[in-house]
Amino acid sequence: MADKVRIGIIGGGLMGREVASALSRWLVLENFPVSAELTAVCDVAESQREWFRRVSTVKLLTADHAQLLASPEVDVVYVAVPHHLHENIYRDVLQAGKDLLAEKPFGIDLKASRAVADMVKSSGRFVRCSSEFPFLPGAQRAYHLARQGNLGRILEVRSGFHHSSDLDPSKPANWKRQVKTCGEIGVMGDLGMHVVHMPFRLGWYPKRVYAQLQKIHTERPDGKGGHAVCDTWDNAMLHTEVEIAGQEVPLRFEMKRLAPGETNTWFLEILGTDGGVKFSTKEPKTLWTFQRGTEQLWQRTDLGFHGPFPTITGGIFEPGFPDCFMQMWAAYLAERAGKLGDRFGCVTPEEAVRSHQLFEAALQSHKTKTSFAL
Ligand SMILES: NC(=O)c1ccc[n+]([C@@H]2O[C@H](COP(=O)([O-])OP(=O)(O)OC[C@H]3O[C@@H](n4cnc5c(N)ncnc54)[C@H](O)[C@@H]3O)[C@@H](O)[C@H]2O)c1
């Protein structure tokens, strides 16, 4: 019998519901050592809480996260709330003696992320941060190719995440468009953890950064007939240098809310003198690999459904967002149970703090129009 872990959600919005979806089909995981069940949900909005009535295992619906944290029916808490609430709610979770899967960016700024990381250390609880795209089969293949070190001297790396719905100026503002709730880092807080996770795990830490940040639509409808100021950065290009095999290599992180035609495109490209690899969610079952021989060859591999954790899903089928999100949860619960083995794990608190150090340096770089050392 697999051990059962009972999960509570604080913040039942877009991402809270994705967790309910992943846990509701936990049975697709093959020979997984942990069973998982959603038992409690907290959201301040009644309409959001109501949605969870359809999940039969949920016993507690509450507007007060203290009530959820007091429940003996909750072992692990997933928190998906606006960024200005991260630090306090994460602290409450740890003080209640629960383990935590935190949403990015792990605090609204560097100071908050450090405070949370310190609390994690002193609490001894198991804490990781969310970033799901690296769990896609194509991303995993790219990661393993990079680790094998057969690409020759690395020439350059691009790691990016592009959105496009903000191109529409009539899209209403929400908390993600305002500094007080999203954070001064703006789009870096929204999309940044997704682009640093894999490079950081490969040990590629920026030594310096030159940042280009853009605010594009600075006012939007507020959804109530008026207008709201949108003061966060919309697009961010971070030109960095990392050390790979003793050489300095340019690594560009791209985070964009306004990228024409890109609804939700996560990509990683690593180019070397002997080989290269490219993966993008734009072509979710395609892996591009480069080989330099007598001829130069970009080869396209049609991938199947092979995530780090086996499932009953047919090996020829295509993976998507719900699948990598579920694989990320499997990685979290496997690591918590000491059963991750050599598989890829979720973002650690140390990596989350590093991401904030990079974003803070990017703010400084943009302000001074100079490169900023880390
Ligand atoms: N991993 C990903 O791919 C991904 C994608 C989107 C967002 N996120 C992150 O998830 C978090 C939430 O984003 P979202 O898109 O789900 O936002 P959302 O606005 O859809 O949901 C947030 C929910 O939190 C609730 N809430 C606000 N204050 C609360 C409180 N004090 N107690 C309980 N509930 C409260 C709101 O009512 C809302 O339902 C953010 O940190 C965001 O960066 C992650």
Side-chain angles (χ1 to χ4, degrees), residues 2-27 29 32-107 112 116 119-120 122-132 193 322 325-338 345-349 352:
D3 295 335
K4 183 182 282 183
V5 177
R6 296 156 308 171
I7 293 166
I9 293 173
I10 301 177
L14 176 74
M15 295 315 292
R17 289 195 294 271
E18 285 297 335
V19 174
S21 150
L23 299 179
S24 297
R25 51 190 202 100
W26 205 249
L27 77 178
L29 288 162
F32 191 73
V34 182
S35 81
E37 192 171 275
L38 181 61
T39 54
V41 177
C42 165
D43 199 293
V44 286
E46 192 185 354
S47 55
Q48 301 285 54
R49 289 196 302 277
E50 282 306 305
W51 184 89
F52 289 89
R53 291 208 184 275
R54 67 187 69 188
V55 185
S56 62
T57 52
V58 172
K59 311 228 168 58
L60 173 66
L61 283 176
T62 174
D64 177 5
H65 72 266
Q67 200 186 350
L68 180 144
L69 295 177
S71 168
E73 305 275 307
V74 172
D75 308 305
V76 166
V77 184
Y78 170 74
V79 183
V81 294
H83 303 165
H84 65 300
L85 302 172
H86 283 189
E87 184 180 351
N88 285 346
I89 295 186
Y90 295 175
R91 178 193 296 116
D92 293 346
V93 171
L94 299 173
Q95 280 176 352
K98 312 285 188 191
D99 290 336
L100 169 68
L101 180 53
E103 259 305 341
K104 47 84 189 164
F106 206 72
V116 175
M119 283 183 260
V120 172
S122 56
S123 71
R125 303 312 313 178
F126 180 70
V127 178
R128 291 291 180 265
C129 183
S130 174
S131 153
E132 58 277 8
M193 198 69 75
F325 198 67
M326 183 180 193
Q327 291 279 324
M328 175 187 79
W329 266 94
Y332 174 86
L333 291 175
E335 191 171 8
R336 179 178 179 271
C346 299
V347 172
T348 63

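Just so it is clear, the structure is predicted and the values come from calculations on it, not from any experiment.
For the pair Arg6 (side chain) and Pro72 (backbone), a donor-acceptor distance under 3.5 Å is present.
Between Phe325 and Tyr78, the two ring planes are perpendicular [angle over 60°; tilted spans 30° to 60°]. Between Trp26 and Phe32, the two ring planes are perpendicular [angle over 60°; tilted spans 30° to 60°].
Val120 is not listed as a side-chain neighbour of Arg125, based on a closest heavy-atom distance of 4.5 Å or more. Annotation: side chain of Val81 is not in contact with side chain of His65 (no heavy-atom distance under 4.5 Å). Put simply, the side chain of Phe106 does not reach to within 4.5 Å of the side chain of Arg128, judged on heavy atoms. Tyr90 is not listed as a side-chain neighbour of Val127, based on a closest heavy-atom distance of 4.5 Å or more. Between Val347 and Lys104 there is no side-chain heavy-atom pair separated by less than 4.5 Å. Counting heavy atoms from C-beta on, the side chains of Met119 and Glu87 come closer than 4.5 Å. Between Gln67 and Leu60, the closest side-chain pair of non-hydrogen atoms falls below 4.5 Å. Considering only heavy atoms from C-beta on, Val74 comes within 4.5 Å of Thr39 through its side chain.
Annotation: the span from Ser130 atom OG to Trp329 atom CH2 amounts to 9.0 Å, rounded to 0.5 Å. Distance CD1/Ile7 to CG/Leu101: 8.5 Å, rounded to 0.5 Å. Rounding to the nearest 0.5 angstrom, the gap separating the SG atom in Cys346 from the CZ atom in Phe126 is 7.0 Å. With rounding to the nearest 0.5 Å, the separation of CE in Met328 from CE in Met326 is 12.0 Å. Here Lys98 contributes atom NZ and Ser71 contributes atom OG; the two are 6.0 Å apart, rounded to the nearest 0.5 Å. To the nearest 0.5 Å, atoms CD (Glu37) and OG (Ser56) are separated by 8.0 Å.
The minimum heavy-atom distance between Met193 and Cys129, with the atom names listed, is CE-SG, 3.9 Å. Nearest approach of Lys4 to Asp75, heavy atoms of both residues: O-OD2, 4.2 Å. Here the shortest heavy-atom pairing between Phe52 and Ala20 reads CE2-CB, 3.8 Å. The heavy-atom pair separating His86 from Gly107 by the smallest distance is ND1-N, 3.2 Å. Here the closest non-hydrogen pair linking Leu68 and Ile9 is CD1-O, 3.5 Å.
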Is there a side chain to side chain contact (heavy atoms under 4.5 Å, CB included) between Arg17 and Gln48? Walk through the geometry before answering.
CA-CA 9 Å; Arg17 289 195 294 271; Gln48 301 285 54; 3.1 Å; yes

Given the rule in the side chain to side chain contact (heavy atoms under 4.5 Å, CB included) test, do Arg91 and Leu94 qualify, once you have shown the distances and angles that lead to the verdict?
CA-CA 5 Å; Arg91 178 193 296 116; Leu94 299 173; 5.9 Å; no

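Of the candidates Leu61, Val41, Leu38, Leu23, Val55 forms a side-chain contact (heavy atoms from CB on, under 4.5 Å) with just one, namely Leu38.
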